[in-house]
Peer 1: 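Here it is: the structure, laid out below.
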Amino acid sequence: MRLSTLLTLPAALLPLIYAKEQHSYTEHLHLKPLPDNSLYAGFTFTSTTPYTAYASNHFRYFPRSLAQILQYTHTAELHLRFALGRWDEESWGSRPRRGSREGGNGVELWAWMDADAEEGWSDLVNSLSGLFCASLNFVDSGKTTRPVLSFEPEGTLEELQETRNGTGELRLLHGMLPHEVVCTENLTPFLKLLPCKGKAGISSLLDGHKLFDANWQTMAVDVRPICSTGGDCILEIQQTVDMVLDIERSMRPRESPIPRPLPIKDITCDETKGYNGHDTCYPEGPGGEMGWSLSSVFGRPIRGSCALGGGEEEEGFDITLKVPSERTVEVISETAIPQSTSSGSRAYRLPKDANFDLDLPHQALESSSSGAFALEQPPLYASRQLTGHGAERGGMHTLLRNPHPYAQRIVYLESLPWFLRPYMHTLELSGAGGKMEKMFYTPLLDRQRGTHLELLIEIQPRSTVEITYDFEKAILRYTEYPPDANRGFDIPAAVIRVLPNNATQDQGQGRDYYLRTTSLLLPLPTPDFSMPYNVIILTSTVIALGFGSIFNLLVRSFVLVEEVPVGALAGVVWRLKDGVARVRGMLKGGGVGKEDDGGGVVKKGEVVVGGEVRKVNGGGGGGGKKDT
Amino acid sequence: MKTLNSVWAFLALASIACAAHTSNWAVLVSTSRFWFNYRHLANTLSLYRTVKRLGIPDSQILLLLPDDMACNPRNAFSGTVYSNADRRMDLYGENVEVDYRGYEVTVENFIRLLTDRWEEGVPASKRLQTDEGSNILIYMTGHGGSEFLKFQDSEEISSWDLADAFSQMREKKRYNEMLFMIDTCQANTLYRQFYAPGVIATGSSEEDESSYSHHADNDVGVAVIDRWTYYVLEFLETQVTGPTSDKTLGDLFDSYDVGKIHSNPGVRWDLFPGGEQAGRSRRVVDFFGNVQNVEVQGNQTGVESLKEDLQGLKRLVQDYQAFAAAQESNKTEMSDVVQRRNLEAVSSGKIRQKQRHTVGKLQLSENAQWARQVAGATVLSGLAALWYFAPKLM
């Protein structure tokens with residue numbers, strides 16, 4: 001069974017759950033080793049509550065803190081994502097859950113809310129920022145868009161509005177924060193929303209040290225109403241954590257995660273390399289499948305189970321491991337574990353009060369690597385880059401490739417910040433394989449809202465489409481730069497929705513496939529923030545030197561020595577100095593000084609210092625001027 | 001009606017009678033961004049772990065971290081922040097709640113947080129919801145200078161801003177007592193301008209002195225802790241071992257060793273009611289822990305304590321009866337009683353105010369500053385006179 005169809009099973013069984021009991025909680029862990037010694041782990045936690053209990057504030061498994069936020073902001077359906085890393089489609093194939101639980105790098109949030117509640121969106125982002133320790137409050141009007149085609153509600157919103165005698169329409173709002181850091185402080189409140197609070201069941205594996213070291217990870221919170229035809233509604237919250245871990249890196253011990261090279265005698269060398277010698281060695285991997293266990297990869301075994309009832313635990317399994325049939329899997333637990341094996345997957349149920357661990361030893365598989373993993377080819381490959389150079393303008397370039405023999409229709413959504421000003425007249429779909437059917441475009445308003453661009457594109461079979469347009473970069477005001485302005489500004493990821501079509505429905509995939517490109521880093525013209533200081537210093541120096549000199553030249557008058565009037569105090573000082581000099585001259589040698597000063601006659605503007613007559617006041621440098 | 005009035009009277013009496021603190025809050029601020037300022041975040045996180053260990057819950061701690069070190073791509077130890085090269089204690093751990101992060105740590109947000117002046121919609125976990133019985137610990141660290149502290153390398157907060165914010169908090173009765181700790185260069189200048197009563201302030205270095213980092217970790221690659229914070233933490237970890245510890249602030253400040261810290265830490269007592277003596281007798285867990293106002297009378301027997309309680313109750317009952325009688329005869333109103341009580345409190349407070357002017361350590365430096373100002377003015381006026389009169393003499 002394919003990865004995606006396996007994951008759709010819990011959702012398909014939901015009506016059954018609902019029929020049995022309305023307060024319910026189920027959890028499931030899906031493990032799948034990927035090529036290149038990676039491991040995909042998908043945790044799903046689902047709680048439901050009847051709408052009547054929700055409205056009257058009786059909560060059993062549904063988290064109260066989140067429910068109060070939804071009630072206060074009149075939110076009908078909520079989707080919140082925290083994401084890191086990049087899904088490598090070439091190596092890992094199709095995205096898990098058909099990309100429906102994936103978000104753009106950073107934080108992504110979209111919700112259907114009552115259109116009447118004006119402040120609802122800002123209240124929602126503020127409350128969620130307090131609950132999840134993320135700076136979601138930065139999602140303001142400049143980062144919010146109203147997508148038209150990209151998202152469909154997962155819940156039954158129309159029936160919900162009828163049962164609640166809804167006041168009006170629901171509007172969809174979507175915001176992204178690409179530069180938001182996702183770390184343990186986001187995982188802590190996420191785990192606290194669960195009934196078992198990360199202490200028992202599969203949630204006991206979740207550890208910030210391993211989760212945020214993954215190659216790709218997403219944490220998602222999805223709340224949706226499900227109404228049956230009879231008018232009974234339940235509210236379902238699904239929390240998912242998906243990650244792709246590098247097995248070798250995750251198994252490094254916490255105390256010394258930095259890999260140190262082994263002594264050369266312990267390394268197996270690749271003999272086929274030409275430079276192989278006694279001191280040069282190209283390490284050859286051990287080959288085959290790496291040995292790993294849950295406790296070594298996640299740092300701890302699973303503690304007990306969180307079977308709270310309401311689901312079909314009596315028949316269901318908590319853990320599914322997708323490995324080829326020949327792979328050896330050892331179950332390590334104190335009690336007997338009910339399990340089931342089918343081709344390509346094993347399923348286990350967790351014991352109530354005992355630890356549970358899975359150990360897969362190192363093994364060389366006989367079937368070829370691609371066959372062993374049975375990777376599903378994704379519907380579409382997409383990548384996006386910034387082009388151009390310089391600080392004034394650039395270009396956006398998106399590459400979409402359809403590898404399948406049938407045509408695909410996609411919706412391409414871009415939400416750009418206001419300082420990236422696209423020129424829509426330069427928007428081009430190059431390549432014979434693409435045709436733009438519809439375009440929804442909301443132009444930007446400086447500092448108020450960003451660009452919202454949605455394109456409905458049809459891509460021909462086995463062809464590539466390139467979307468390009470030019471843009472201009474704005475110059476921000478001095479106060480609008482963040483503290484680390486020279487890093488650049490993040491552009492949110494583009495959301496691509498691959499619409500289901502008739503060809504794919506035959507193969508059992510009747511739903512949308514979502515994928516997101518990477519976020520981009522845009523370098524904007526940034527001022528040199530040290531310049532104000534430099535300018536002040538430079539200007540002050542120039543003024544001091546230039547102004548001072550010119551002022552002196554203008555104000556000072558040069559006069560001859562004889563014209564200088566002598567003040568009383570100055571005269572006394574000079575007489576004293578004259579006396580001292582004469583005494584000194586007499587002490588030095590009899591009448592030597594007489595030839596210089598003419599027997600001590602001192603004019604009014606002069607003083608005799610050490611046998612030389614010097615001018616006293618201003619007017620050029622010292623230099624003795626002999627005068628008689 | 002009679003019981004309702006007596007209840008109001010009791011509440012009024014109770015609120016005026018008890019001056020001890022009823023809750024503990026902590027505001028821990030790191031103001032530096034970028035990987036090479038790892039140690040400032042480690043400082044703040046060490047204090048965070050300490051106050052959590054001593055009992056303050058996450059809902060009463062406001063943690064402001066401007067950058068992310070734990071999940072930083074440059075961090076070889078993912079998800080971990082260490083404040084010691086032996087790497088035995090992971091400060092980030094598995095249970096951390098950061099209230100303000102990234103670009104949210106700004107001077108404006110910090111002052112709004114202190115004074116509780118917010119727009120609508122700000123969630124409760126981001127507010128400092130203290131009342132007049134709360135003791136607050138404020139710890140700030142980062143890069144600073146003479147009377148300013150740099151926030152994220154792009155803006156500054158000055159000592160006057162802090163002083164005004166604290167006095168606003170006093171006006172709004174948002175704290176009972178406050179301990180202000182700061183670890184930056186020239187830290188003691190930051191609390192020079194405080195004028196709100198009830199604040200004990202301590203800093204890591206004097207004016208024109210730098211505060212230094214303690215040591216670096218070769219695998220993390222940067223310095224991991226600052227000296228003053230390291231030695232404060234050493235005292236807290238070895239001496240204040242639990243929420244019931246009896247160590248006092250005097251013990252903490254006496255443990256400062258200039259030879260180890262390599263700068264002159266200072267303490268300011270003069271704003272605290274009772275001055276240095278009262279301040280030194282305050283317990284460390286009054287600010288770092290979450291100690292409720294419960295006293296266990298160990299020496300008295302049960303009968304004696306009961307007698308004391310009965311006498312207290314008797315006094316209260318007499319007061320109620322007098323008040324009720326007065327109320328019935330329409331002679332006094334509730335506000336008059338409250339006013340009378342307030343006047344009594346103020347008059348006793350005035351007596352305490354006079355005792356507050358003790359000469360603290362900071363006085364000397366203040367005088368020195370005075371002297372410097374006078375000397376500078378003298379020199380300037382002398383030069384001006386010289387410039388003016390010299391041509392006349394020539």
Side-chain angles (χ1 to χ4, degrees), chain A residues 69 73 84 119 122-135 137-138 177 179-189 191-192 198 206-214 249 254-259 479 481-485 529 564-571 573 616-618, chain B residues 31-34 58 63 65-73 75-82 86-88 90-106 109 118-127 150-155 218-221 389-394:
Chain A
I69 293 175
T73 56
L84 271 186
E119 298 300 318
S122 73
D123 285 337
L124 178 67
V125 297
N126 275 309
S127 316
L128 287 175
S129 92
L131 180 61
F132 286 102
C133 294
S135 38
N137 45 322
F138 285 131
L177 281 179
H179 190 36
E180 189 63 20
V181 167
V182 183
C183 202
T184 315
E185 64 261 22
N186 303 118
L187 179 67
T188 308
L191 289 178
K192 286 186 179 162
L206 291 171
D207 176 16
H209 303 98
K210 306 288 184 187
L211 174 60
F212 299 110
D213 200 23
R249 194 167 74 226
R254 278 260 297 277
E255 304 78 43
S256 60
I258 300 172
T479 49
Y481 286 95
D484 53 353
F529 290 102
V564 174
V566 178
L569 182 63
V573 167
V616 175
N617 189 11
Chain B
T31 60
S32 300
R33 172 170 273 275
F34 304 123
D58 266 317
L63 187 56
L65 300 179
D67 203 355
D68 164 56
M69 302 297 167
C71 295
N72 197 315
N75 195 351
F77 305 87
S78 73
T80 343
V81 174
Y82 293 114
D86 62 12
R87 293 201 286 270
R88 273 197 267 142
D90 169 21
L91 297 176
Y92 228 62
E94 287 155 33
N95 195 355
V96 61
E97 287 184 18
V98 181
D99 301 294
Y100 287 83
R101 26 182 234 168
Y103 301 138
E104 290 183 296
V105 180
T106 58
N109 279 354
W118 288 111
E119 308 153 338
E120 287 202 11
V122 173
S125 67
K126 287 184 163 178
R127 292 192 193 216
K150 210 165 56 150
F151 264 69
Q152 292 202 55
D153 210 23
S154 68
E155 49 181 4
N218 286 329
D219 286 328
V220 170
F389 286 114
K392 301 213 174 128
L393 293 175
M394 315 242 169

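Sequence lines set the chain letters: A, B, ... in the order given, protein chains first and strands last, and positions in each chain run from 1. What you see is a predicted model; the values in this text were computed from it and never measured.
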Peer 1: Please work out which of the three classes, parallel, tilted or perpendicular, describes the rings of A:H179 and B:Y103, given edges at 30° and 60°.
Peer 2: tilted
Peer 1: So which of A:P483, A:S256, A:G571 has the biggest tally of heavy-atom pairs under 4.5 Å with chain B?
Peer 2: A:P483
Peer 1: For A:D123, check side-chain contact (heavy atoms from CB on, under 4.5 Å) against everything at least two apart and list the hits.
Peer 2: A:Y72, A:T73, A:E119
Peer 1: Could you tell me which residues satisfy salt bridge (Lys or Arg N to Asp or Glu O under 4.0 Å) with A:R254, sequence neighbours excluded, listed by chain and number?
Peer 2: B:D90
Peer 1: Just give me the residue among B:E104, B:R101, B:Q152 that pairs up with chain A most often, heavy atom to heavy atom, under 4.5 Å.
Peer 2: B:R101
Peer 1: Looking at B:P66, B:G102, B:G93, which makes the most heavy-atom pairs under 4.5 Å with chain A?
Peer 2: B:G93
Peer 1: B:Y82 versus chain A, heavy atoms under 4.5 Å apart: side chain, backbone, both or neither?
Peer 2: side chain
Peer 1: Between A:A485, A:P189, A:S135, A:A134, which shows the greatest number of heavy-atom pairs under 4.5 Å with chain B?
Peer 2: A:S135
Peer 1: If you count heavy-atom pairs under 4.5 Å between each of A:C183, A:S127, A:S129 and chain B, which one has the most?
Peer 2: A:C183
Peer 1: Which of the residues A:L187, A:D213, A:V181, A:L84 is involved in the greatest number of heavy-atom pairs with chain B at under 4.5 angstrom?
Peer 2: A:V181
Peer 1: Answer with side chain, backbone, both or neither: which region of A:V125 has an atom nearer than 4.5 Å to a non-hydrogen atom of chain B?
Peer 2: neither
Peer 1: Is a donor on one side and an acceptor on the other found under 3.5 Å between the side chain of B:R33 and the backbone of A:D484?
Peer 2: no
Peer 1: How many angstroms lie between CG in B:L65 and OG1 in B:T31, if you round to the nearest 0.5 Å?
Peer 2: 11.0 Å
Peer 1: Quick check for you: among B:D67, B:L63, B:T80, B:D99, which has the greatest number of heavy-atom pairs under 4.5 Å with chain A?
Peer 2: B:T80
Peer 1: At a 4.5 Å cut-off on heavy atoms, which part of B:D153 comes close to chain A: side chain, backbone, both, or neither?
Peer 2: neither
Peer 1: First locate atom CG of A:L131, then atom CD of B:E97, and finally report the distance between them rounded to the nearest 0.5 Å.
Peer 2: 9.0 Å
Peer 1: Which atoms of B:F151 are under 4.5 Å from chain A, going by heavy atoms: the side chain, the backbone, both sets, or neither?
Peer 2: neither
Peer 1: How long is the span from the CH2 atom in B:W118 to the NZ atom in B:K126, to the nearest 0.5 Å?
Peer 2: 7.5 Å
Peer 1: For A:F529, which atoms come within 4.5 Å of any heavy atom of chain B: side chain, backbone, both, or neither?
Peer 2: neither
Peer 1: Is it the side chain or the backbone of B:S125 that comes within 4.5 Å of chain A heavy atoms, both, or neither?
Peer 2: side chain
Peer 1: Taking every heavy-atom pair that is under 4.5 Å apart, which of A:L569, A:N137, A:D207 has the most such pairs with chain B?
Peer 2: A:N137
Peer 1: Once rounded to the nearest 0.5 Å, what's the spacing between atom CD1 of A:I69 and atom CZ of A:F132?
Peer 2: 7.5 Å
Peer 1: Rounded at 0.5 Å granularity, tell me how far OH in B:Y92 sits from NE2 in A:H209.
Peer 2: 10.5 Å
